[in-house]
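Chain identifiers are assigned alphabetically (A, B, ...) following the order of the sequence lines, protein sequences preceding nucleic acid strands; residue numbering begins at 1 within each chain.
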2 protein chains.
Amino acid sequence: MKHRSTSEFCCAHAPMALGLAALSHPARIEILRHLSGLDASCCKDVVGHLRLAQSTVSQHLKVLVEAGLLRMRPERQSSRYEVDVEALKALSDVLAELADACAAARTRSDAASEGHLNG
Amino acid sequence: MKHRSTSEFCCAHAPMALGLAALSHPARIEILRHLSGLDASCCKDVVGHLRLAQSTVSQHLKVLVEAGLLRMRPERQSSRYEVDVEALKALSDVLAELADACAAARTRSDAASEGHLNG
DNA sequence: ATCGTTTATCGGCGATATACGATGAAGATC
DNA sequence: GATCTTCATCGTATATCGCCGATAAACGAT
């Protein structure tokens, strides 16, 4: 997840890669889904929902917070975790842009080869 | 990237997680962008674009192929790699659905608290 | 003050990811 | 046939991940 790659594209795509990495685990996807249903929730609640050790869940929550996809209020007794809907939407949009760019490029090249080869 | 987690949600979210994991590296994002510009391209071309060893690039391409985001025709001399636009769009849509679900849940809960608390 | 609850962090283990060089296979070129 | 190019794979080294148990910190209740 942490890379010290070689070129400028690394810096350019690093935020997107970090966000997607945070979502590249079934447990973390499920955490987002679970937390979206409720208003805000604590770690213990997530532990009850998933079948993972408390320390493991705490780690997953930390990953999501560091990726900016969750916000947390550290109320020492029972911290509240909440989905950052804007950040999630932003990440989704970036991926959608990539998909659209690829689709547009293909459409363009299809049109070109039709124009050149006439079918 | 390969997890043998505990519950049913793992299987449910595994495909999404696998796809996002494939995109969770700047080099692989850049590979998709690069390949979308061209029609189809070979490994050497990608090696020239990125500043990574040929073996490393070959690995990244393999990851993308195994995730279904790239198609490859193994022409032994110079294999052709091509973006699977449909697969990429599908993955983007799944993430968009997750984001929308979270947004919808928040909107609903906002409306509820407004109704209860009158602001 | 003591106990119970909840959470975050530490340390360790096994598995995986990332990167590279070296090697071998397959086609092209001379 | 000899050589070059291109690519996939192997082997290796290092770093990170994912998981857990154990522990410490913070708060509430008794």
Engineer: Let me know the distance between CE of A/Met72 and P of C/dT6, rounded to the nearest Å.
Structural biologist: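 Atom CE in A/Met72 sits about 17 Å away from atom P in C/dT6.
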Engineer: Parallel, tilted or perpendicular for B/His60 and B/His25, by the 30°/60° rule?
Structural biologist: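 Rings of B/His60 and B/His25: tilted, as their planes differ by 30° to 60°.
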Engineer: Between B/Leu52 (CG) and C/dG21 (C1'), how many Å, whole number?
Structural biologist: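 Taking CG of B/Leu52 and C1' of C/dG21, I get 14 Å after rounding.
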Engineer: Can you check whether B/Tyr81 has a side-chain N or O nearer than 4.0 Å to OP1 or OP2 of D/dA8?
Structural biologist: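 Yes, such a contact exists.
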Engineer: At under 4.0 Å, does any side-chain N or O of B/Ser79 touch on OP1 or OP2 of D/dA8?
Structural biologist: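 Yes, such a contact exists.
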Engineer: Side chains of B/Val63 and B/Leu69, heavy atoms from C-beta outward: is any pair under 4.5 Å?
Structural biologist: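 Not touching, per the 4.5 Å side-chain cut-off.
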Engineer: Please name all residues satisfying side chain to side chain donor-acceptor pair (under 3.5 Å) with B/Gln54, sequence neighbours left out, ordered by chain then number.
Structural biologist: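 With sequence neighbours excluded, B/Gln54 shows a side chain to side chain donor-acceptor pair (under 3.5 Å) to no residue whatsoever.
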Engineer: Between B/Ala22 and B/Leu64, what is the shortest heavy-atom contact and its length?
Structural biologist: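 Heavy atoms only, the tightest pair is O-CD2, 3.8 Å.
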Engineer: Only counting residues at least two apart or in another chain, list the ones meeting side chain to side chain donor-acceptor pair (under 3.5 Å) with A/Ser55.
Structural biologist: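 With sequence neighbours excluded, A/Ser55 shows a side chain to side chain donor-acceptor pair (under 3.5 Å) to no residue whatsoever.
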Engineer: Given C/dA28, C/dA8, D/dG18, which nucleotide is nearest the side-chain atoms of B/Gln77?
Structural biologist: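 When the side chain of B/Gln77 is considered, C/dA28 is the closest of C/dA28, C/dA8, D/dG18.
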Engineer: Expressed as a whole number of angstroms, how long is the span from A/Lys62:NZ to C/dT9:P?
Structural biologist: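 For the pair A/Lys62 NZ and C/dT9 P, the rounded distance is 5 Å.
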Engineer: When you match A/Ser41 and B/Thr56 each to their closest nucleotide on DNA chain C, which lands nearer the 5' end?
Structural biologist: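 Comparing both residues, the 5'-ward one is A/Ser41.
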Engineer: Find the distance B/Gln59:CD to C/dT18:P and express it as a whole number of Å.
Structural biologist: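 To the nearest whole Å, that distance equals 9 Å.
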Engineer: Without decimals, in angstroms, what is the distance between B/Gln54 CD and D/dC7 P?
Structural biologist: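 After rounding, the reported distance stands at 7 Å.
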Engineer: Does OP1 or OP2 of D/dA8 have a side-chain N or O of B/Ser58 closer than 4.0 Å?
Structural biologist: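 Affirmative; the distance criterion is met.
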Engineer: Please report the distance, rounded to the nearest Å, between CG in A/Leu50 and C1' in D/dC20.
Structural biologist: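 Computing the A/Leu50:CG to D/dC20:C1' distance gives 15 Å.
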Engineer: Figure out the CG/P separation between A/Leu61 and D/dC19, and round it to whole Å.
Structural biologist: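 Result: 12 Å.
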Engineer: Calculate the interatomic distance between B/His60 atom NE2 and C/dA17 atom C1'; express it in whole Å.
Structural biologist: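 Result: 9 Å.
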Engineer: OP1 or OP2 of D/dT16 less than 4.0 angstrom from a side-chain nitrogen or oxygen of A/His25, does that happen here?
Structural biologist: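 Checking D/dT16 against A/His25, no side-chain N or O comes under 4.0 Å of OP1 or OP2.
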